[in-house]
Engineer: 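Just passing along the structure, written as structure tokens.
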There are 2 protein chains.
Amino acid sequence: MSSKRVLTDRASALPALAEAFREHGFEGATLATLSKATGLGKGSLYNFFPGGKEEMMDAVLENIDGWFANAIFSPLEQALDPAAAITGMFDDVTAYFRSGQRVCVVGCLGLNSAGEAFAAKVKGYFARWISALAHCLEAGKVPPALAANLAEEAVSGIQGAIVLARALGEEASFLRIVQRLQSSLLDAIVRYG
Amino acid sequence: MSSKRVLTDRASALPALAEAFREHGFEGATLATLSKATGLGKGSLYNFFPGGKEEMMDAVLENIDGWFANAIFSPLEQALDPAAAITGMFDDVTAYFRSGQRVCVVGCLGLNSAGEAFAAKVKGYFARWISALAHCLEAGKVPPALAANLAEEAVSGIQGAIVLARALGEEASFLRIVQRLQSSLLDAIVRYG
DNA sequence: AAAAGATTGTACCGATAGGTACATGCGGTA
DNA sequence: TACCGCATGTACCTATCGGTACAATCTTTT
């Protein structure tokens, strides 16, 4: 159990790192910020992440991807009960993004040149989300072409809702938009299911 | 005509500044970047924008807001021909955001703490866009409550389409999403008009 | 053409960026 | 208890950050 200890402490720093990156962005998050956020000194930070900020962000992305895979993608891909899986997805997403007050690190990375180093992971995250959701809709008897469109629209719509809710500074718009997206997916399942 | 000259040159630097901020974000855009982007030395930059980066971004926002007010908000607010105004909006937006490859500076500013200084302008931009669009739909006989929902959905949807298109690195998804948004607005006008 | 003012490049400033080096400390093992 | 190796705080490094100062140059006006 010697090497596990390291991984454990490294992993336990990830939520704080993620939160710091969310709040300040990749460029805006300084080592001082990250140190304060995690409670770890520079020495520890570089001990766990020899690659510096970039490795920290990489680990954060891996961590986020793992969470989504487990909590959201998997249920959609299994899709035992499509309607329930979709309802669950929206519940989880709303909680995760704190009704739009909390930013999507992955989406933000795609927006400026600082995130180019992570382009592959960013693309993978969204591609898998859309395809998982489309698969779930198909399991609910929605025709493939429509399922793909609806899935793309929903994932994109969630990102837009975050941008808008942050800009307006109100959670209500996020909740309204996401509610409509959910309805449109469930309606499709009801119609064809 | 002495003070006019100053304003003219200051204004002519704004597109390049905007592009630099778009590409690197507010924090990521250094004075060196901005200098290279505009072709102006540090001396000139601080001559035109004594307040530094913050004043530059402020001027850029003002400029963008002016462009949108003129090209997009006004036509929607007049709404002589609602359907045509909406079609025109989507055409202009698609061209402006280069089918989603070009980021929305205003939306991005809302996403991290560096943009807090501009919160009021960010909020005003989105609030006016939504209300102009809603007004246009109402002019097309769409009931107020539905018009408000559709307008919110469309503006939010455009932002989401940018995020997704950038993340996936493909313009096609932007075009598909925006096309569907446009159809849903026009359909509402047709239904009630 | 000369004076006045606007415009610009360059040198410079302190602060802080990300990152490295390393001496110290602490926990487990023998 | 003596040892060993990971973990950590601190001091330090260079590059660059945003910003200032100012002398040199251009424009404009007269």
Side-chain angles (χ1 to χ4, degrees), chain A residues 1-61 105 109 112-118, chain B residues 1-61 105 109 112-118:
Chain A
M1 299 281 177
S2 64
S3 68
K4 192 156 191 186
R5 177 78 201 294
V6 174
L7 273 180
T8 298
D9 278 357
R10 181 183 145 124
S12 79
L14 292 180
L17 288 176
E19 207 52 42
F21 281 132
R22 244 186 287 270
E23 194 172 343
H24 301 100
F26 181 65
E27 306 232 354
T30 73
L31 284 185
T33 305
L34 299 171
S35 176
K36 196 183 301 174
T38 54
L40 295 173
K42 249 197 239 191
S44 310
L45 240 28
Y46 271 87
N47 182 35
F48 294 136
F49 308 93
K53 268 174 79 171
E54 198 159 315
E55 190 174 339
M56 296 179 209
M57 178 57 99
D58 234 48
V60 163
L61 287 181
V105 200
L109 270 182
N112 58 53
S113 62
E116 276 167 17
F118 312 101
Chain B
M1 300 284 172
S2 63
S3 68
K4 192 158 192 182
R5 180 74 203 295
V6 175
L7 273 180
T8 298
D9 278 356
R10 180 182 146 124
S12 78
L14 291 181
L17 288 176
E19 208 51 44
F21 282 131
R22 246 186 286 269
E23 195 170 343
H24 301 100
F26 182 64
E27 305 231 357
T30 73
L31 284 184
T33 305
L34 299 171
S35 177
K36 196 183 301 174
T38 55
L40 295 172
K42 247 197 242 191
S44 309
L45 240 29
Y46 272 86
N47 182 35
F48 293 136
F49 307 94
K53 269 174 77 171
E54 199 159 315
E55 190 175 339
M56 295 180 210
M57 179 56 100
D58 234 48
V60 163
L61 287 181
V105 200
L109 270 181
N112 58 52
S113 63
E116 276 168 16
F118 312 101

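In the text below, chain A, chain B and the rest are named by the order of the sequence lines, each starting its count at 1. Given the structure is predicted, the values throughout are model-derived calculations rather than measurements.
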Engineer: Tell me: CZ of B:Phe49 to C1' of C:dT8, nearest whole Å?
Structural biologist: 15 Å

Engineer: So which atom in A:Pro15 and which in A:Ser12 form the shortest heavy-atom distance, rounded to 0.1 Å?
Structural biologist: CD-O, 3.5 Å

Engineer: In Å and rounded to the nearest 0.5 Å, what is the CZ to CE distance from B:Phe48 to B:Met56?
Structural biologist: 11.0 Å

Engineer: Nearest whole angstrom, please: distance from the C1' of D:dA7 to the CZ of A:Phe48.
Structural biologist: 7 Å

Engineer: Within this structure, what is the NE2-to-P distance between B:His24 and D:dT16, rounded to whole angstrom?
Structural biologist: 15 Å

Engineer: Sugar-phosphate atoms are those with a prime plus P, OP1 and OP2; base atoms are the rest. Using that split, label each nucleotide of nucleotides 14-19 of chain C B, S or - for protein heavy atoms under 4.0 Å, 5' to 3'.
Structural biologist: ---SBB

Engineer: Rounded to whole angstroms, how far apart are CG on B:Asn47 and P on C:dG9?
Structural biologist: 11 Å

Engineer: Report the distance from atom CZ of A:Phe21 to atom CG of A:Leu14, rounding to the nearest 0.5 Å.
Structural biologist: 10.0 Å

Engineer: If you fit an axis to the five pairs at each end of the helix from C:dA1-D:dT30 to C:dA30-D:dT1, how big is the angle between those two axes, to 10 degrees?
Structural biologist: 10°

Engineer: If I take atom CD in residue B:Glu55 and atom P in nucleotide D:dG19, what distance separates them, rounded to the nearest angstrom?
Structural biologist: 11 Å

Engineer: Would you give the length of the straight line joining atom NE2 of A:His24 to atom CD of B:Glu27, rounded to the nearest 0.5 angstrom?
Structural biologist: 8.0 Å

Engineer: Could you tell me the separation between the CE atom of B:Met57 and the C1' atom of D:dG19, rounded to a whole number of Å?
Structural biologist: 18 Å

Engineer: A side-chain contact here means heavy atoms from C-beta on lying under 4.5 Å apart; do A:Asp9 and A:Leu40 qualify?
Structural biologist: no

Engineer: How long is the gap from CG on A:Leu45 to NZ on A:Lys53, to the nearest 0.5 Å?
Structural biologist: 11.5 Å

Engineer: Side chain to side chain donor-acceptor pair (under 3.5 Å): which pairs involve residues 33-43 of chain B, sequence neighbours left out?
Structural biologist: B:Thr30-B:Thr33

Engineer: Output the rounded distance in Å from CG (A:Leu45) to C1' (D:dT10).
Structural biologist: 15 Å

Engineer: Measure the CZ-CG distance between B:Arg22 and A:Asn112 for me, rounded to the nearest 0.5 Å.
Structural biologist: 13.0 Å

